[in-house]
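First listed ligand is number 1; within each ligand, the first listed atom is number 1. All residue numbers refer to positions in the sequence shown, counting from 1.
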Amino acid sequence: MCQKFHQLFQKKKHGIPIAMVTAYDYPTARIEEEVGIDVILVGDSVGTNVLGYETEREVTMADMLHHLKAVVRGAPESCVMADLPYGAAPDPQTAFENAQTLTRAGARIVKIEGWEERTAVVAALSERGIAVCGHIGYNPQVHGPKGRVFGKEASVALELIRSAQSLERAGAMMLIAEKIPEELGRLISSMLSIPAIGIGSGRYCDGQVLVFHDIVGLAWRTFRHARAYTNIKESTTAALLQFKTDVASGAFPAEEQVSHLSRTVLDEVAGAGKGW
Ligand code: KIV
């Protein structure tokens with residue numbers, strides 16, 4: 001097992017929560033690596049957060065690769081995870097080829113949405129040396145863009161538990177549990193030996209993942225499970241309005257933003273321009 005995963009397993013073992021955040025570009029990835037985010041996820045949420053798509057289903061392998069490469073350039077030392085986008089894993093062989101494309105582009109682990117039915121694909125990837133993260137609970141690629149909590153009924157809760165165990169047995173190195181009740185998040189995390197990271201799944205998972213845009217207040221929708229720690233949308237709006245005002249008034253650029261010709265060069269240029 002590589003050092004990055006070893007560290008995550010150690011955190012789980014010692015009860016130290018794992019912090020995971022999405023990134024889709026170079027500057028964000030650089031900041032996330034600098035602050036020591038444990039896992040940087042290039043999620044298919046790039047579609048709705050960055051590309052202006054209606055749903056995650058529109059995200060292609062080409063989109064994923066473009067953003068993954070930028071993130072890897074910004075965070076070369078980090079554990080970067082990349083999503084297999086919608087339609088990229090219809091069968092084990094195609095899933096393997098697409099997963100390999102993502103790992104060759106720098107992803108250390110690929111994530112695949114789906115419950116127990118994904119066991120064969122996860123097994124095929126992990127048997128061929130690809131680190132895989134499962135993703136159970138709410139799956140935007142499968143359930144559509146409107147999220148809801150899964151597992152409130154005993155039958156679905158049991159299905160989620162079976163799925164988590166079966167994905168782990170198939171060789172998954174990590175698991176994301178999205179929008180499941182806190183009690184179930186706790187139970188699944190304690191049953192598995194791999195790290196189970198929650199989003200909207202309560203306080204007792206082995207770690208938490210959030211979308212970068214939700215953390216910094218850059219999203220157009222707000223979610224109960226997320227917390228905005230700043231409001232980039234407001235500060236960016238204020239900065240852009242001020243720039244526009246300064247250009248209109250002549251306050252930008254000022255002396256510190258300009259360069260000058262020396263007196264001699266200015267005289268020479270002015271002298272040469274007699275015939276203009
Ligand atoms: O694509 C994504 O950002 C995700 C997280 C919400 C887990 O899958």
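- Partners of His213 by ring pair (Phe, Tyr, Trp, His ring centres under 6.0 Å), not counting sequence neighbours, listed by chain and number: Tyr24.
- In this model, a donor atom of one side chain and an acceptor atom of the other lie less than 3.5 Å apart for Asp63 and Thr60.
- Between Gln208 and His225, the side chains place no donor N or O within less than 3.5 Å of an acceptor N or O (distance only, hydrogens not considered).
- Not a single ring pair (Phe, Tyr, Trp, His ring centres under 6.0 Å) links Tyr229 to another residue, sequence neighbours left out.
- A donor and an acceptor atom, one from each side chain of Glu178 and Asn139, are nowhere located under 3.5 Å apart.
- Contacts of Tyr26 classified as ring pair (Phe, Tyr, Trp, His ring centres under 6.0 Å), with partners at least two apart in sequence or in another chain: none.
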Using a cut-off of under 3.5 Å, which N/O atoms of ligand 1 pair up with protein N/O atoms, and what distance separates each pair?
unit_1, atom_1, unit_2, atom_2, d
ligand 1, 1 (O), Asp44, N, 3.2
ligand 1, 1 (O), Asp44, OD1, 3.0
ligand 1, 1 (O), Ser45, N, 3.2
ligand 1, 1 (O), Ser45, OG, 3.2
ligand 1, 1 (O), Asp83, OD2, 3.2
ligand 1, 3 (O), Ser45, OG, 2.5
ligand 1, 8 (O), Lys111, NZ, 2.8

